[in-house]
Amino acid sequence: MHSMILSTATRYLLPLLLMFSIFLLLRGHNEPGGGFTGGLVAAAALVLYGLALGLRSARQLLGIDPRMLIYVGLLTAVVSGLLGLLSGQVFMTGLWSTQTLPVIGKLGTPLLFDVGVYLVVIGVTLTIIFALMENETDSKTGSLKEE
Amino acid sequence: MNIFVLLPILIPLITTIGVLLARQRPRLRRNLSLGGAGLLLIIAVELLVLVWRDGIQVIQVGEWAAPFGITLVADLFSAMMVLLAALMGLGVIIYSQATAEQRAEHFGYSALLHFILMGVNGAFLTGDMFNLYVWFELLLIASFVLLVLGGRRDQLEGTFKYVAINLFGSILFLVAVGILYGVAGTLNMADLADQLNSLPSGLVTTLAMLFLVAFGIKAGAFPLFFWLPASYHTAPAALLALFAGLMTKVGVYALVRVFTLFFTQDTGYTHTLILIIAGFTMVTGVLGAVAQTEFRKLLSFHIISQIGYLLMGLGLFTTAALGGAVYFMVHVILAKSALFLVGGIIYKLRGTYNLKQLGGLSILYPGLALLFLIPALSLAGIPPLSGFWAKFALVQAGLAAEQYVIVAVSLGVSLLTLFSMTKIWAEVFWKDQPGKETPVQAISFIPHQAGVSMLLPVGVLAAILVVIGLLAEPLVNLSLLVAGQLLNPADYIETVLGGVL
Amino acid sequence: MTPAIASEQQPANGKSWLHRLNPGWFVALLPLSLTLFFAGLICRVAAGEVITGSYPWVPSLGVNLSFYIDGLSLVFALLISGIGTLVIIYAGGYLAGHPQLGRFYIYLLLFMTAMLGLVLSGNIIALFVFWELTSLSSYLLIGFNHSQPKARASALQALLITGGGGLALLAGLVLLGQVGGSWELSTLLTQDIVIQNHPLYLPIVLLFLLGAFTKSAQFPFHIWLPNAMAAPTPVSAYLHSATMVKAGIFLLARFNPILGNTPIWQCSLTATGAVTMLLGAYLAWQQTDLKRILAYSTISALGTLVLLLGVGTAIAVKAAVVFLIVHSLYKGALFMAAGAIDHETGTRDINQLRGLRRVMPITFVAVTLAALSMAGALPLFVGYIGKKLIYEAALTAPSAAWLLTGSVLLTNTFTVVVAGLVAVRPFWGQLKPTPKPAHEAPLSLWLGPLLLAGLGLLLVGLLEFVPSSLLTPFLATSATAIADELVRVKLAAWSGVNAIFWLSLATLLAGIGLYTGRNGLRRLLSPANALTAIGPERIYERTLAGLQIVATGQTRLLQHGYLPLYLLTIVLTTAGLIGYTLLTRYGLNIGTHWSGVRMHEITVAVVILLATIAAVVSKSRLATIAALGMIGYGLSLLFVFYGAPDLAMTQLAVETLTVIILALTLYHLPRFSRLSSTAGRTRDALVALTVGGLVSVLVLTVLTVPMQSRLTPFFAENSVTLAKGRNIVNVILVDFRALDTLGEITVLAVAAIGIYALLKQQKQNEQNE
Amino acid sequence: MEIVLALVIGGLFAGGVYMLLRRNLVKLLVGLILLGHGANLLIFLMGRLIPGRPPLVPVDATHPVGLFADPLPQALVLTAIVIGFGLQAFALVLARRLYQSAHTDDLDQLRTTET
């Protein structure tokens, strides 16, 4: 797996892909895209990185356990809903900023919700794939590596 | 617009996120879990009181009016089910403090319990068919994961069957929801009730069959229940108590909801069919129980048998019958869970669920015997415990509707239920423990080694069972109100759709 | 629960007399005060008053805790509380030092409450509640010595038979209430004509009879009663002779005014009663166990009572009331005495007992008095009056009088033998060594028998010499309550030399003759007794075994463990229900939707179908994965064609992920092998094609229905203006239906947690091993 | 075109049911995946087919112009796809673990919990 070309390409590809994923996330409200697809692209980038440079470096790059991303993502989604509640309206009522930003359009709680989705999707995908890959290497080498 | 309709979904979610984030700090995690469950119970009581006093409560999530957004509705039936779920949730979470293994906890045991509660409450409260699908999937996946925690071979095997059959059920459900939208152009249940009436009834009835099967699988109805006896008994008792109490009942809840709210065009066909299914479910379930010699397996088959009684109430389709079924639902959730929890205590004492290897407990721990006897006799319908009133209400309704066959079947099954309960009683409590001389004196009234966290939930459940049996009136009254509300959906529809349209 | 008992076990030296009393004396205060209370009511009831009252219990179901005290209920209440008092004292001695005595008393008091509730209830559902409670407490009491398998089996048998009858009774009561329009006895008593003319009358009667006959051990349900002798003797004396078994009699008597006086009622009662009476008496004298002798003779007595109620004439009803009391007195006494003998000698086998007269004189007196009453031998005893009335009732029966008289004569002859077996055989002759050295029983054990037997004498005195006492009018009101017409009671022990006198004499002589020749006769009859091998006992056993076989077989058949067959069952059920409903309720009605078929779409559709076939038939895992991928990508193309870019992107991404996961998980699984037979494959293929066809038809059918989405216009209208997003699908996902999405990501989260647990747990499991 | 898609759905269901009834652990799951595809396509079709236009509102309009595809079934299918993915992934890993634990992928050998 450790091919030179792949690893070098990945190093350059990774930031591009991550930027693309965020782009997808942000424009999702107006054009095809959104948290789900964005999250999957980001996850794909990191999986690719893991394939090219090893799981350990992918984990290092990520910095935190992917499971934490899931929890934080869920929390973000809930908070976005709660904001409506706290402002005296119904749960998940959309709240919008008055200014319009380039690319994104208006900032609002539905967008925050989508960010939550984005994080959960990254977390879930990485948790599953990393665990499977680890399992793979474990059963291949027969050794039991630490998490 | 009432926040209490939302909180039963939100509190478990927030609790569970907290529990997951606090996974490195066991004490905090435990307190969060207990606190969340406790709060949920308070909210659920509040919700029921509110609905009882002020009528059906509705939230249009995101302030999108029905039928466009997703509506959460709490009528008496939902509120009652939510309260039961909260009660069972708290009980099982307390009980699990003593039984849950460290390892299971490491993989998110208590978080998953709250996920189940979230899914269950969501299913009870939602007023939208697709949203119901989502909640069903949530509680399914959470139950899958809980069942395999531990990773023993029998668990994996049982869970695989559970997963395979239930995923098939989910696909049917999804197809059914899709077609529902395809004919009615709406997903809101109240709105569906309006729209389906203007459609050809034959087509709607066909669609009803799809839901009957999809929910029938979840409910464990005949001949769709195979997953239940294949998997349930591999789980620890605490979990089983929760599953027995809630999982299949969500299926029944959904059946009751759709077959009272909008699949009522051709009740002569659909509800007679439900009645037939009810009879077979009762009989096959109880015969399965009679054949077992393992505590959990025996009780698992009983779950099926009792689903039959619930379906009988739906199939008879009168206020009295449906009221009986609602009362039965409350009773059976409490009684069945209590029995599983007692089973867990016995397992803790003796390390086995095998009836043949147990014995002598009636002399050793009279209190434990009592704790078993109350739910067991309740379940068998011995008066004046709760099961009797449930049985009486159903029998009365059945005879009034001149459905003599189903009444005869239900009475026969009730005798067999009694028979299988005495089997446990005779084997576990009366018989001497094989290979051991049973002391003549009690060791103590209750087995103290089980600890407060195991005994308290069982004690409370038993106490509730006694109370709703001896002082049955309030609950019977409530059940009849619930039934009345279900059979006259105009109020529900009106409240959900509000002034719109 | 135990301190009082613990002190009982120790030698009582130096303790005050109070401490030496068994706890029964104190517990007995409760039933004693009840007895006195009920006795205080005799006055009012004897004057013809019916004391009623009602408290709401479950008014939503029409169930009230009403009471209805007339002569009939009061007779029963007095028997229950009075005999209960003595039995509780007796039990204190009988079970002295037993570690579970406390529990025993709880069960016994539960029973007493239930029994009192049963006879005093004015609401038939409340009556049923107590009825079931008597079955339950009987179960607990029969199984009191539960380490013996026999006790457990007997308890279960009694519970199943009486419980089964109870369920029939429940149905009967509910039907009765529905026909009569009330659960209240007082109302129902006025509805007898309505009820008897209702088409449901026959089922109601049959259900009632099932309930009463099982409870009162009528043929062929009698089998549980002898087996119930596994219970401690106080229980046999109390429940299984004096009170609980009479609950069925009570039921028949109570509802006689409502349901009775019809041919079906009278015939079934008379016939069943006669058979039971004869059978019980016949079997009784052939036993050797004291308690079993008494149990069969109780069955006979119960049969007699049912017979009398069936005859239903004023004189028969009168006979029933008197015999009911008489029997409770002497049978209670005899049972308690039998228990005392058992307690003091260690055996109940009459072949081992001899000459106890000298060592147990008080018990001897009590038994002799009771047995004389039972035999109806001397006019001095109330038993004689009972017997006399029964003969009178049989002789004056409206039909089959001679047959009935003959049966009664035969039964009474046997009863005399039984009396001899109980009172003569163990007490006279040379003292034989017994397992325990015999000596007189303590006060608590002989008090009850002596009092009950003595009461038999006393009552005669009262009847004979104080005719205007309360007793006769009281009995008259009881009989009137049953017969629903005025019954005059004038009882006299001696009424001259008439037919009945000769009958009584004949009975006595025949009985004595049979007693002396009993061994020979028993030998003679032994071949006939082989017939009992195919009797109801055997049927019960077979049924129970059969149930077990059916249950196991059925469970194996249904819950066989083969997942593919489970799925097949479910698929067929689904397809059957939907196909049948669609065809019969709606019919085939598929439109043709050929509009706008485009080549590239057809191509994609064909590719998907081909890939599906490939996935199904492929023998290689990799090819299957590839085919699945093809299908997924094909679908996303279709989504693109029909204006769903978001969907297409998602499908594409998910498909890629699925393929990766498939590849990772399937890596170590073995290659596909051919597992099922060709026949199996053909069957499955047929099922699959049927389902596929059905789904296509269903889809096309649905598409013929014009659909106007009620939601889409709203979304289109408000997506930008209110929800501030131009991608409507995304707006639906994160705003209009955000709750769905919240649920969806929660599902994902749980799935990830689950997969993580599955994989990491495995690692831990391996480490542990 | 609907009839073609109805046939595709039928085909997916037929293939799915056939695979569902196989004795092999993996084939069963393949069956479920096929059925899932069929169900998704079915829901999509229930919104009726409108070729071409995605449900997007043009930049300077307040609501979509002309004929556009029904967005609701799309959203439902999207949710269903994701949920289905989660469940299928779990089922796959479960199957793998079961195989590792029981050393067989023949479902007829996997009956220990019921005998």
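Note that this is a predicted model, so its numbers are computed, not measured. Sequence lines set the chain letters: A, B, ... in the order given, protein chains first and strands last, and positions in each chain run from 1.
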Heavy-atom pair of closest approach, residues A6(D) and V699(C): CB-CG1, 4.0 Å
Under 4.5 Å from a heavy atom of chain D, the part of I608(C) involved: side chain
From OG (S676(C)) to CG (D108(D)), nearest 0.5 Å: 9.0 Å
L758(C) vs F90(D) side-chain heavy atoms within contact, under 4.5 Å: yes
Trace of the side-chain contact (heavy atoms from CB on, under 4.5 Å) decision for I661(C) with F85(D): CA-CA 10 Å; I661(C) 293 175; F85(D) 162 71; 3.8 Å; yes
Choice from L565(C), T555(C), L657(C) maximising heavy atom contacts with chain D below 4.5 Å: L657(C)
Heavy-atom side-chain contact between R683(C) and L21(D) under 4.5 Å: no
Residue pair Y642(C), L45(D): steps toward the side-chain contact (heavy atoms from CB on, under 4.5 Å) verdict: CA-CA 10 Å; Y642(C) 290 99; L45(D) 185 58; over 6 Å; no
Within-4.5 Å side-chain heavy-atom neighbours: L689(C) and V17(D): no
Partner chain D: residue of H560(C), R556(C), R681(C), R621(C) with the largest heavy-atom pair count (under 4.5 Å): R681(C)
R96(D) vs L664(C) side-chain heavy atoms within contact, under 4.5 Å: no
Option in P670(C), A653(C), A752(C) with maximal non-hydrogen atom pairs under 4.5 Å from chain D: P670(C)
Residue pair L28(D), L567(C): steps toward the side-chain contact (heavy atoms from CB on, under 4.5 Å) verdict: CA-CA 10 Å; L28(D) 190 153; L567(C) 287 164; 3.7 Å; yes
Heavy-atom side-chain proximity of L5(D) to L638(C) below 4.5 angstrom: yes
Interface moiety of P58(D) toward chain C, non-hydrogen atoms closer than 4.5 Å: backbone
Among the listed options A69(D), P55(D), A89(D), A95(D), the residue most often paired with chain C at heavy-atom distances under 4.5 Å: P55(D)
Between T112(D), L20(D), I9(D), the one whose heavy-atom pairs under 4.5 Å with chain C are most numerous: L20(D)
Interface moiety of S709(C) toward chain D, non-hydrogen atoms closer than 4.5 Å: side chain
Proximity breakdown for L76(D) and chain C, heavy-atom pairs closer than 4.5 Å: side chain
Heavy-atom side-chain contact between N727(C) and P71(D) under 4.5 Å: no
Trace of the side-chain contact (heavy atoms from CB on, under 4.5 Å) decision for L635(C) with H37(D): CA-CA 8 Å; L635(C) 286 180; H37(D) 282 320; 3.3 Å; yes
Partner chain C: residue of R48(D), Q109(D), M46(D), K27(D) with the largest heavy-atom pair count (under 4.5 Å): R48(D)
Which of L87(D), L41(D), I33(D) touches chain C most, by non-hydrogen pairs under 4.5 Å: L41(D)
Interatomic spacing from CG in L92(D) to CG in L662(C) - rounded to 0.5 Å: 5.0 Å
Residue V571(C) versus chain D: region with a heavy atom under 4.5 Å: side chain
Which atoms of F44(D) approach chain C - backbone, side chain, both or neither, heavy atom under 4.5 Å: side chain
Donor-acceptor under 3.5 Å (Q651(C) side chain, I81(D) main chain): no
Heavy-atom pair of closest approach, residues L72(D) and R737(C): CD1-CD, 3.6 Å
Spatial distance of atom CG (L558(C)) from atom CD (E114(D)) [nearest 0.5 Å]: 11.0 Å
Any side-chain heavy-atom pair of R23(D) and L563(C) under 4.5 Å: no
P645(C) versus P54(D), closest heavy-atom pair with distance: CD-CB, 3.4 Å
Selection from L609(C), L698(C), V691(C) maximising heavy-atom pairs under 4.5 Å formed with chain D: L609(C)
Minimum side-chain heavy-atom gap V695(C)-L42(D) below 4.5 Å: yes
CD1-CZ distance between I755(C) and R97(D), expressed to the nearest 0.5 angstrom: 13.0 Å
Portion of A61(D) that has a non-hydrogen atom of chain C nearer than 4.5 angstrom: backbone
Nearest non-hydrogen partners of A14(D) and A688(C), listed with the distance: O-CB, 3.1 Å
I83(D): which of T746(C), L748(C), V747(C) passes side-chain contact (heavy atoms from CB on, under 4.5 Å): V747(C)
Under 4.5 Å from a heavy atom of chain D, the part of F736(C) involved: neither
